[in-house]
Amino acid sequence: MVLPFKLSIAQDSCEAEKDFAKEILDQVARKKNSLIGLATGQTMIGVYEILIKKEHKSPGLFKEVVFAQLDEIIPNSDRENLFSLQLKEGFLNRLKGGYASFLSIDVSKPDLTLEASRYLSLIASLGGIDLQILGIGVNGHVGYNEPGSKKDSRCRVVKLAPTTIERAGYTSGMQGITLGISDILKSKRIALLATGIDKAAAISGAIKSTPSIDNPASLLVTHNMIKIILDSSAGSFLTN
Ligand code: PGA
């Protein structure tokens with residue numbers, strides 16, 4: 001199979017997380033004041049732990065980096081933990097030498113369409129995203145671009161897919177706000193990480209099928225600087 005993008009398949013999830021963390025460290029080595037788009041989700045937890053350990057050995061490693069969030073939930077109750085808080089508590093606040101700033105989506109604003117365009121303008125005013133990191137949903141979603149999201153979609157309020165709601169234990173009808181596929185494609189580089197057998201079908205759909213709104217990740221594979229990092233379980237449907 002000749003692939004138009006870089007693909008690496010590590011033996012296990014730990015190796016895949018290390019390879020993925022290296023993509024972020026390489027970006028910071030190339031450009032100290034990079035704008036890096038961060039993703040939440042189980043897949044990224046190990047990656048942030050690796051980055052924190054590296055930073056504790058070299059405090060200040062990220063001190064010029066501007067971080068931004070990819071997506072956010074619109075909470076229905078206090079029980080739901082905002083992604084911006086998860087990113088702060090799980091990663092940013094644990095950096096000894098700090099970071100330049102964190103761009104976040106303010107879901108308490110009364111007009112979220114306005115907030116989405118403010119967020120996009122802010123990112124554009126800083127020169128755009130240098131590296132956007134991504135996980136993938138079991139249905140192929142990237143950020144909260146659920147199946148049906150178009151290639152020209154922008155930052156917007158979205159309804160979460162039933163599988164997304166179920167997996168996260170959210171209440172039905174839950175909404176989110178996400179950078180669109182078109183916004184993600186504007187990033188100078190994209191790195192996508194998938195681990196575990198649950199992601200094998202979504203990865204196979206993204207890589208082996210014709211790009212389609214049915215699998216939003218498939219709309220990204222034409223980006224000229226995308227790297228996809230998998231463990232052998234997530235890559236297990238690619239060989240047959
Ligand atoms: P997960 O989420 O890492 O928790 O599976 C990934 C995603 O939905 O993008």
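Indexing begins at 1, ligand by ligand and atom by atom, following the structure's order. In this chain, numbering begins with 1 at the start of the sequence shown. Here the structure is a predicted model, which means the values were calculated and not measured.
On a distance-only criterion, H141 and ligand 1 share at least one N/O pair closer than 3.5 Å.
Using a 4.0 Å cut-off between charged nitrogen and carboxylate oxygen, D198 and R167 count as a salt-bridge pair.
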May I have the step-by-step check of side chain to side chain contact (heavy atoms under 4.5 Å, CB included) for L219 and L185, ending in yes or no? CA-CA 9 Å; L219 303 174; L185 282 169; 5.6 Å; no

I228 vs V221, test: side chain to side chain contact (heavy atoms under 4.5 Å, CB included). Steps then yes/no. CA-CA 9 Å; I228 299 177; V221 297; 4.1 Å; yes

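Regarding atom 5 (O) of ligand 1, its nearest protein heavy-atom neighbour is K199 NZ, 2.7 Å. For atom 3 (O) of ligand 1, the closest non-hydrogen atom on the protein side is T43 OG1, 2.4 Å.
By the criterion of a heavy-atom distance under 4.0 Å, the backbone of I136, and not its side chain, is placed next to ligand 1. Under 4.0 Å from ligand 1, not a single heavy atom of M44 appears.
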Donor-acceptor pairs are to be reported for all side-chain atoms of residues 59-66 against protein atoms at under 3.5 Å, with residues two or more places apart or in another chain.
none

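Minimum heavy-atom separation, A194 to I136: CB-CG2, 3.7 Å.
Heavy-atom contacts of Q42 reach the following atoms of ligand 1: 1 (P), 3 (O), 4 (O) (cutoff under 4.0 Å).
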